[in-house]
Asker: 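Let me give you the structure first, and then I'll get to my questions.
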Amino acid sequence: MSLIQRGFSLSLKSKTIPAEKRALEGVFQSLGLEGHLAKPLDLAAMLEISTWNPEDSPPLASTDLPHAFLRRLWLLSPQARSTCCQAQTEPAGAQGEGTVPVLGESSNCPINPLDLVTAVYIAADCFLRQEMTVRMVQCGFAVPLLLPPGGPGEQASLLLWHLRVVAKDWRSYSPAGPGSLIEGYMANTQMPLLSFVRLGRCGVSKSQVLNHILSGFQEPGHCFLHRGIEGGQVPRKLSDGLVEVSWYVPSGNPELDIFPEPAMVANLRGDITTSPGTYKKQLSFLCLNSSALFVFCGDLGDRERLLLSSWRSTTNQVFLIMEEEEEEQRARVKKLPEDLSDVTVLSWSKRDGAEVVASKLSAAVNQLLQDSLQPMTLMKAADTALELSIAVDEAEACRVAMRRVEEVLRGVEKQEISSYREEQLPLQGQLWKRLVGLEKQECRLKVPEEASQEQQKQELLREKENLQQREYRTPMAMRAFIAALSTPDKLERACFLSLMRQRLDSMSQWRNSPMSQPITEKHRATAIGVTEGVPENTDKDLERKQPGSSLRLEHFIREMVLIFELISVSPDRVTFPIRGTQNIKGAYMLLIRVADSLTQDLACNFLLLINTEGLKSPGTGLDEDLDMHDNELATFAMGLSDVTLLNVPAEGETEIQNTLHITVNALLRVMETRRMPALQVVTQGNSFDTKILLLQLDQVTQILAAGEKNQTTPDVTSLQKCESPGRCLQGPWQNTHPMAPVSSGYSEAVMTLKQDLLATLREHAVKTPTASLLDFTERVRSLWETILYEKLPFTMTNTEVGEAFCRLCSEFSQQVHVFREHMESWVEGADERILAFNEATIKKEDEDSHQSLEDLFNGLKMEAAAEVETEANRVLFKLEECFKNSDIHFSLLERYRANFTSSVGTLKERVTHEVNDKIDTAVERNEAATKTRIFQTELAAALEERMQSILEQNKTGNAILEDKQLEEEFSQVWSETISKVDVKPLETQDVTNQVLQQLRENLSNRNVKKHLEKLAEVTTNEASAFTVDEEHFGYRSRLKQMFTEENITRAQGLANRIIENCKNYVSSKKSLNTGYLDSYTKELLEIVDRTLESKQFDIRSRFEVELKVYICSMAVRSFQEMHESFTREKDPLTYLEKARDQLFWEFLYQYRKRDQCQKTARLFTSLCLKPAVLDYVYGPLGSVIQEQMLSGDEGQHYRSPQAYQFHLLRELLFEDSFESFLEYLLCRESFIRTKIQDQVVSHLSRTGMLKRWRQNRLEHISEKMEEAVRQSGNGRNGSQTSARLLLEKVCDSLEESGDMTVRRDALRGPLFQIVTSGDRFIDCLGESLAEMLQALRREFYQVNNSSEAIADTLKALPGTAHDELFLKVRGCEERCPFCKAPCEAVEGEHTVHRALLHRPKGLVSYSCTTSASLSHNDCPVDIAGDNLFQNRDTDGQSLRYRDYRTAYPNWSIPAADASGHTATAYWRYVMARYNNRFAQEYKCEPAQLPEDWAAITQEAAVQSLREAFCTGGTDIKLQFPEPPTPS
């Protein structure tokens, strides 16, 4: 049902269907929604789609997607909008010709998710849309605001009705701090509207950017669907032109919030440039209502500029988001027309992702919010829509309903709520309260004297008559309310109720909003319409403190009911007390029709849901009347229920204990009615207090059910498995921020809850008969009479009984725990006794030994029975002491003594069964284990003897036995030991015959003598299915009911439940990994017997026999498999065969270990001693070489960087090699390193120092190592010792002098952990050491004295001499910014750099600015002149060389003087000599050199070096030898 006439219809016969219409038809047919345009989906359909669907089955085809979407949406699943279908393999040709084609058949996502959402919204009626929207907002999804036209000539639609129910809470903030908590409906809350549209193709997804903005500090969500998600790339058929809307609300924490105040975000789907006419109305609507319009634009062409100009006049502010670089952006902005001059342009680069664009947009929006954007409301936007001829989905029925709401609530805003309720809802005030109180006093009158009792009754009756005779006139508000509900227009009536609830909720939020409290899970849930998993206390506490301060729709409905009761007063009526001071306190009922597919399983056609509101725990001291009322309400609701779902608070010891007390008090009272509900518990947290509560409730319900055969066993079932022992169903959000995403596990938890509830209802349907409406009415009357007249063991205000019962249950639980711990300890002792007995007697094969084992077995069971009896009596004695304890009011529980006694009896039986099973298993397990241990002992002794023999035979030989030979020896010993010990396989039991024997005994004990021929089917029945038929019922039963379908259905359900319970039992036994025991079949049949005793109909013995035969035939196969698996695993022979390979390898290892001494010694020598020798020889070599180089004839060159620089330049000059000059100029550092290395190699080759050094060091360390090995063997005398300890001692001796280090990492390996003879190991170590030293001597002797060999040796040194020398002469690393000459400043940490020899810049590839020739100017010349330079250090600006310090303030370059200083003659000589070669190398023209440069001689160049390094800033005081004659 829709509030406006639908503009969509499907016509497969029309041949002239517009493109939009065809797209709509295609999508609807693909989704299977074509029938819902005429008959829309409504809330009733959700019962079938979601409520009765216990599983979230994946969609198999596109037609399954709408139901999957709605079902997942109701579960608040983050995957609700997914369009992925489970892949199916369909044979070719299986699809008929008339089948409607599926969109995107080749993909697992046949349709775009946005098309799915749009289609379901179109197909839904207005009230389903509201519920969908509430859940979409809860999930953080965007919701439709404007639907595009369905075809030519049709209107776009503004969906306002479904947005009326969207409410949120938030907290703005300012520099003064966070503001107050605000709750409001989004449709009528003023806030900025930020609209986003797209012009052309963009390199970034607009929707993805919006998701980043809205998610803020959290992981980016999927508020707006985009092409990056599954199915997002499927072409859209229906949703182009759709406008979606979402909201951002802050939490008041500036560190977490993106925006400081609420904002609405609208997203227009599609590219406007593709069809401007299609988007015209939507764009006009957004332009007129938006506070700011953000346009994503890829290419700003003429068409785009024209569209922007057409929007600018109706839009407050326009922002253009362009994919441009900064320079291009400025150029594009300059081309914008004048009317777009105030458009703000935000640019982003192709390198930027959606997150970067979102960050820029967030900053822009925050700036706008500071500038106070023009706010708007959706309610006012509806007027704009009508002006634009956009249809609004609120027709006349809505407007009439709104007027009726205003009529009902007229004057409420001008007075206090309490005053309004007294005037307009008087029946919920003091009058009704007093009438109810008088009725209770009359029913509970307990005065011993008859005269006084009669007199008091008369007084009460007179007061009641006076109150009832007061004239009652229906107030104006209630007359208007009843008139609104009496209208025959269903749509108008539904709209009235919806608008009434919204108006009252909004008014309540405005009046009662706390001013200084944090946003909690409760606030978030209440604001958006969900309270699952949220503590319900805030509103109740407020109402208790301010009676009558709230006004809800429920109050008007209650008043209407009370008016009806007042008009039709009857002495037999059932009147439940309604307290006017409560918020919406009471028990609310909802009747739900059961789906046809579940009527058989649940054995009913309807479910009656009872929801209690406003309960608090008893005994809080606030109000005794409230405590009594809460007890009455809890008892009444629980007494009517077959299944009770208890919602436990998330945390807080007081709240949890209060919940326990009110529950226990209600259970104790309900137990008196002989009808106990099945209790299930949902916890909102997983705290320690919650777990304790679950354990206490479980114990309480077990004790209450003990000994009660005629009532339902109230086992506690906890839902949503968490850590043991409890389960929890927490709130759907990941945190308390208003924009927090929904937890991914919440939907699974809710689905598990639903499955468990349906399973409980199925089990209950088997145990109890279904109640008719008349039966339920009688139950209500009887229960209320019991409560009203207090036909209970204790009054409603008495809380001591419940508290005492809880404490007694806790004491009982503690005693049961001690009981079980004691029996566990006893079983461990029995296991040890069995093990000792088996080890002592297993070798004896006569009959006496077997008799002794049987005696031990029976004796242990008798001892176990006596021990259990003793412990049970101890528990009973402790309970008796508790009942005598008057300090804790346990005397009030005398009527429940039998329950505790019965619980002890049940516990005793259960523990006895468990202990006997453990004894049986221990006997079987230990017998096999003992045989295995004896065999292993015998085998170990035999293998040791054989190993000694083999080692003795091979002691003098050099041959080594192969593994194959050793395996043959092992196999011979294995066979001999097997024969000696006589290990035999375990006997396999015939489980089938044993199960059959137990079944015969069971039927015989139950006096079942007919149909015993069916027992043969235990071995032949395939157990396909058990089916109930008429033959299972007696003749009388069939005679009473001509149609036995109901009996058959109920019996079939009973059988199915029994079979399911038996399957679970068998599965639990299979998981124990034990052999078969007869007790398993006994317990299995007891399950059947117990359930059959509680049946509510007559069946023949044939039913019992056939059912038990079916169950035994099903179980016998599992028991046989279980026993055979246990036999295979625990059989000694099988176990030993599995262990044979491992035993052989252990034998092989032990054998090899005897000969491991030599291998260990050699390994130690190789891994530890040899590296230590090489470190000793080569470790200090680098330092020695450096000292020799510095103390030799050439040592003066390495005294300072300047000395070495002079020496190097001088050598380059005499070498007269262009290649060397070029390498020096371009790669100075590597050139110097190579030069130094060559000098070191030359020195070592010339002196022969390296060979002498190695030989001397080796001889010295050899003597030291031999002495260390000898000392480590002193005092051993052939004793066994650890090889590692011996080797550690050798290492300690070697390291004692401190000039040697032995690496010991390898000693932690397994090869060094052997224990061997100390003398033999020392001998092996000495031999290995001698071999190693001799090999090194040969190696050192054979190494030649060539340069290549010396260079290789130097590379292997840990610290090379040439590297140290290089660091000594490297000097400052800075270079002249122009000619690249090195800095020659000698100060350690100088701040000004200076070069002694500036070079012509052409040497480093500089060319002239006016020609292609190399530049011959050096730095001092340029600085003295007017030349300019320009590079990246000057930011592209030209500077004069003399102003070089502007760019390089840390350099000091002197200008050339007129004295004709010749310090630069060196490099001028080089430039002149190799001018052509440098030009060729740099691919330039040769430099145009001054003529006098050609006259510079080599001697002049050398002289310039002397002058530079002797007088150019630092006197290095060198004596320069005469240069050699150049070649």
Side-chain angles (χ1 to χ4, degrees), residues 1194 1197 1201-1239 1241-1242 1347 1362 1366 1369-1371 1375-1382 1384 1395-1408 1411-1422 1462-1509 1520-1527:
E1194 297 181 352
H1197 303 323
Q1202 291 78 12
Y1204 188 79
Q1205 177 75 356
F1206 172 82
H1207 168 72
L1208 180 62
L1209 293 177
R1210 182 171 173 274
E1211 289 298 322
L1212 283 174
L1213 194 64
F1214 294 151
E1215 183 181 350
D1216 198 18
S1217 170
F1218 170 76
E1219 287 76 10
S1220 297
F1221 274 112
L1222 183 65
E1223 184 178 358
Y1224 171 79
L1225 290 169
L1226 299 183
C1227 306
R1228 178 177 178 271
E1229 182 173 328
S1230 63
F1231 181 80
I1232 294 175
R1233 285 181 181 273
T1234 303
K1235 281 291 185 181
I1236 295 176
Q1237 181 177 353
D1238 293 342
Q1239 292 167 0
V1241 171
S1242 175
S1347 298
H1362 60 273
F1366 169 77
V1369 301
R1370 179 175 59 180
R1375 301 291 179 264
C1376 174
F1378 304 115
C1379 67
K1380 309 306 178 186
E1384 302 291 352
L1396 296 180
L1397 292 177
H1398 287 278
R1399 313 160 182 168
K1401 292 193 289 298
L1403 294 177
V1404 288
S1405 76
Y1406 276 66
S1407 61
C1408 297
S1411 65
S1413 61
L1414 293 175
S1415 173
H1416 66 278
N1417 286 349
D1418 55 20
C1419 300
V1421 173
D1422 282 336
T1462 61
T1464 58
Y1466 180 91
W1467 288 112
R1468 291 180 180 180
Y1469 169 80
V1470 175
M1471 184 73 177
R1473 181 167 179 79
Y1474 299 111
N1475 188 10
N1476 293 331
R1477 295 289 300 275
F1478 278 113
Q1480 183 181 358
E1481 179 69 25
Y1482 296 141
K1483 296 180 176 54
C1484 295
E1485 295 294 329
Q1488 303 298 322
L1489 302 177
E1491 295 180 358
D1492 58 344
W1493 284 27
I1496 300 175
T1497 63
Q1498 189 181 62
E1499 290 76 6
V1502 173
Q1503 181 61 31
S1504 70
L1505 282 179
R1506 290 194 183 99
E1507 294 177 359
F1509 285 95
F1520 300 104
E1522 291 297 324
T1525 303
S1527 57

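For the single chain, residues carry numbers from 1 onward in sequence order.
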Asker: Looking at residues at least two apart in the chain, or sitting in another chain, which of them share a side chain to side chain donor-acceptor pair (under 3.5 Å) with Y1474?
Answerer: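 For Y1474 the side chain to side chain donor-acceptor pair (under 3.5 Å) partners, ignoring immediate neighbours, are D1216.
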
Asker: How would you list, by chain and number, every residue that makes a side chain to side chain contact (heavy atoms under 4.5 Å, CB included) with P1201, sequence neighbours excluded?
Answerer: none

Asker: What's the separation between atom CG in L1222 and atom CD in E1481, rounded to the nearest 0.5 Å?
Answerer: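 Going from CG on L1222 over to CD on E1481, the span is 4.5 Å.
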
Asker: Say you draw a straight line from OH of Y1204 to CZ of R1370; how long is it, rounded to the nearest 0.5 Å?
Answerer: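 It is 14.0 Å, given to the nearest 0.5 Å.
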
Asker: Identify, with sequence neighbours excluded, every residue that meets salt bridge (Lys or Arg N to Asp or Glu O under 4.0 Å) alongside K1380.
Answerer: none

Asker: Under the rule for side chain to side chain contact (heavy atoms under 4.5 Å, CB included), what residues qualify as partners of A1501, not counting sequence neighbours?
Answerer: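 Listed in chain order: L1213, Y1466, Y1469.
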
Asker: Just jot down the ring pair (Phe, Tyr, Trp, His ring centres under 6.0 Å) partners of Y1482, sequence neighbours excluded, or say none.
Answerer: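 Applying ring pair (Phe, Tyr, Trp, His ring centres under 6.0 Å) to Y1482 gives none.
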
Asker: List the residues meeting salt bridge (Lys or Arg N to Asp or Glu O under 4.0 Å) with E1223, not counting sequence neighbours, and say none if there are none.
Answerer: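 Per chain and number, E1223 pairs via salt bridge (Lys or Arg N to Asp or Glu O under 4.0 Å) with no residue.
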
Asker: Test of understanding: with side chain to side chain contact (heavy atoms under 4.5 Å, CB included), list the residues that count as partners of E1211, not counting sequence neighbours.
Answerer: H1207

Asker: Are the side chains of W1467 and I1496 in contact, using a 4.5 Å heavy-atom criterion?
Answerer: no

Asker: Donor-acceptor pairs under 3.5 angstrom involving side-chain atoms of residues 1401-1408: please list them, not counting sequence neighbours.
Answerer:
| residue | atom | partner | partner atom | Å |
| --- | --- | --- | --- | --- |
| K1401 | NZ | N1417 | O | 3.4 |
| K1401 | NZ | D1422 | OD2 | 2.1 |
| Y1406 | OH | F1378 | O | 3.3 |

Asker: Apply side chain to side chain contact (heavy atoms under 4.5 Å, CB included) to R1228 and list each qualifying residue two or more places apart in sequence or on a separate chain.
Answerer: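 With sequence neighbours excluded, R1228 shows a side chain to side chain contact (heavy atoms under 4.5 Å, CB included) to Q1205, Y1224, I1232, R1375, P1382, given in chain and number order.
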
Asker: Looking only at heavy atoms, what is the nearest atom pair of A1487 and L1414, with distance?
Answerer: CB-O, 3.2 Å

Asker: Donor-acceptor pair, distance only, cut-off 3.5 Å: does the side chain of E1384 make one with the backbone of Q1202?
Answerer: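 No, the answer is negative, given that no donor and acceptor are paired below the 3.5 Å cut-off.
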
Asker: Would you say R1399 and V1470 make side-chain contact, with heavy atoms under 4.5 Å?
Answerer: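 SC-SC contact between R1399 and V1470 ruled out.
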
Asker: Grab the two heavy atoms, one from C1484 and one from A1412, that are nearest each other, plus how far apart they are.
Answerer: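 Nearest heavy atoms, C1484 then A1412: CB-O, 3.4 Å.
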
Asker: So, are R1506 and E1499 salt-bridged, with charged N and O less than 4.0 Å apart?
Answerer: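 Answer for the salt bridge query: no.
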
Asker: Just verifying a value: how many Å separate E1507 CD and L1505 CG, rounded to the nearest 0.5 Å?
Answerer: 9.5 Å

Asker: Show the nearest heavy-atom pair for residues H1416 and P1400, with the distance to one decimal.
Answerer: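 Answer, listing the atom of H1416 first, then P1400: O-CB, 3.5 Å.
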
Asker: At their closest point, which heavy atom of L1397 faces which heavy atom of A1508, and how far apart are they?
Answerer: CD2-CB, 3.7 Å

Asker: Just how far is it from atom CG of L1225 to atom CZ of F1221, taken to the nearest 0.5 Å?
Answerer: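 That separation rounds to 8.0 Å.
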
Asker: Which heavy atom of S1220 sits nearest to which heavy atom of L1212, and what is that distance?
Answerer: CB-CD2, 3.6 Å

Asker: Would you give the length of the straight line joining atom OG1 of T1497 to atom CD of Q1503, rounded to the nearest 0.5 angstrom?
Answerer: 10.0 Å

Asker: Show every side chain to side chain donor-acceptor pair (under 3.5 Å) that has at least one partner inside residues 1484-1494, sequence neighbours left out.
Answerer: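 Not a single pair qualifies under side chain to side chain donor-acceptor pair (under 3.5 Å).
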
Asker: Which heavy atom of H1398 sits nearest to which heavy atom of D1418, and what is that distance?
Answerer: O-CB, 4.3 Å

